Amino acid sequence: MTAKNYWLMKSEPDECGIDDFAHTPTQPIHWDGVRNYQARNFMRDMRIGDRVFLYHSSCKFIGIAGIVEVVKEAYPDPKQFNPESAYFDPKSTLEKPRWDAVDLIFVEKFPKVISLDRLKSIKALNENPLVKKGNRLSVIPFTSVEWEAVHATRNLS
DNA sequence: GCCAACGTTGGC
DNA sequence: GCCAACGTTGGC
């Protein structure tokens, strides 16, 4: 029995936000379209039952909007093989896929988005890439200390 | 819409 | 292996 892992994943709520998960609470969502190697490698480390903060970026209320859970571990992202898809990758083959997806399911929507300003004020996150200037990583591992520090603020106004 | 920061590509 | 050019991310 290993300890549960914690993560944060970014998305634009217009594409796939916490409400998309909340609207289908019993149906997993395929998290595909990740096209960054570091993010992909982190996705490969995800295990069933891991918890994930869902972060809304490039929108009005930037920050962590809720929690989702891993229900299916990394598998080849089908969109990389589909020439019609915006996520098509001509260098991917069925034998040697480049990109992976995971499946996630709804856990919790916070009463209010935990704003980026608040996240920056949480000392436990000082070394986390999320709050570093210019950071573009869309899948970020969290320690349990970081997770708890953020989680403890979820009901603050 | 702007633009700094970043990751990737490709010529050499 | 270097690095300039390019495309993208993401806060503001």
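So you know, we letter chains A, B, ... as the sequences are listed, proteins then strands, and number each from 1. Predicted model, so just to flag it, every value in this text is computed and none were measured.
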Pair up each side-chain donor or acceptor in residues 88-99 of chain A with any protein partner under 3.5 Å, not counting sequence neighbours, and list the distances.
residue, atom, partner, partner atom, Å
A/D89, OD1, A/K91, N, 2.8
A/D89, OD2, A/R98, NH1, 3.0
A/D89, OD2, A/W99, NE1, 2.8
A/S92, OG, A/Q80, OE1, 2.7
A/S92, OG, A/R98, N, 3.3
A/T93, OG1, A/K96, N, 2.8
A/R98, NE, A/Y37, OH, 3.4
A/R98, NH2, A/Y37, OH, 3.2

Under 3.5 Å donor-acceptor pairs involving side-chain atoms of residues 58-66 of chain A, not counting sequence neighbours:
none

Let me have the donor-acceptor pairs involving side chains of residues 16-23 of chain A, under 3.5 Å, with sequence neighbours excluded, atom names and distances please.
residue, atom, partner, partner atom, Å
A/D19, OD1, A/K109, NZ, 2.8
A/D20, OD2, A/G17, N, 2.8
A/H23, ND1, A/D19, O, 3.1

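Under the rule for a ring-ring contact (aromatic ring centres under 6.0 Å, His included), the partners of A/F142 that lie at least two apart in sequence or sit in another chain are A/F53. By the ring-ring contact (aromatic ring centres under 6.0 Å, His included) test, A/W31 pairs with no residue at all, sequence neighbours left out. Looking at residues two or more places apart in sequence or on another chain, you find a ring-ring contact (aromatic ring centres under 6.0 Å, His included) between A/Y6 and A/W147. In this structure A/K72 satisfies the salt bridge (charged side-chain N to carboxylate O under 4.0 Å, His left out) test with no other residue, sequence neighbours excluded.
Members clustered with A/I48: none, using a 4.5 Å side-chain heavy-atom cutoff among hydrophobic residues.
A/Y75 and A/D103 form a side-chain donor-acceptor contact under 3.5 Å, judged by distance and modelled atom types alone.
Of the residues in residues 114-127 of chain A, those lying under 4.0 Å from DNA chain C by heavy-atom distance are A/L116, A/K120. Of the residues in residues 54-64 of chain A, those with a non-hydrogen atom less than 4.0 angstrom from any atom of DNA chain C are A/Y55, A/S57, A/S58, A/I62.
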Checklist line | Footprint string (nucleotides 7-12 of chain B, 5' to 3'): B base within contact, S backbone only, - free, heavy atoms under 4.0 Å | finding: SS-S--
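For residues 103-137 of chain A, there are no ring pair (Phe, Tyr, Trp, His ring centres under 6.0 Å) pairs, not counting sequence neighbours.
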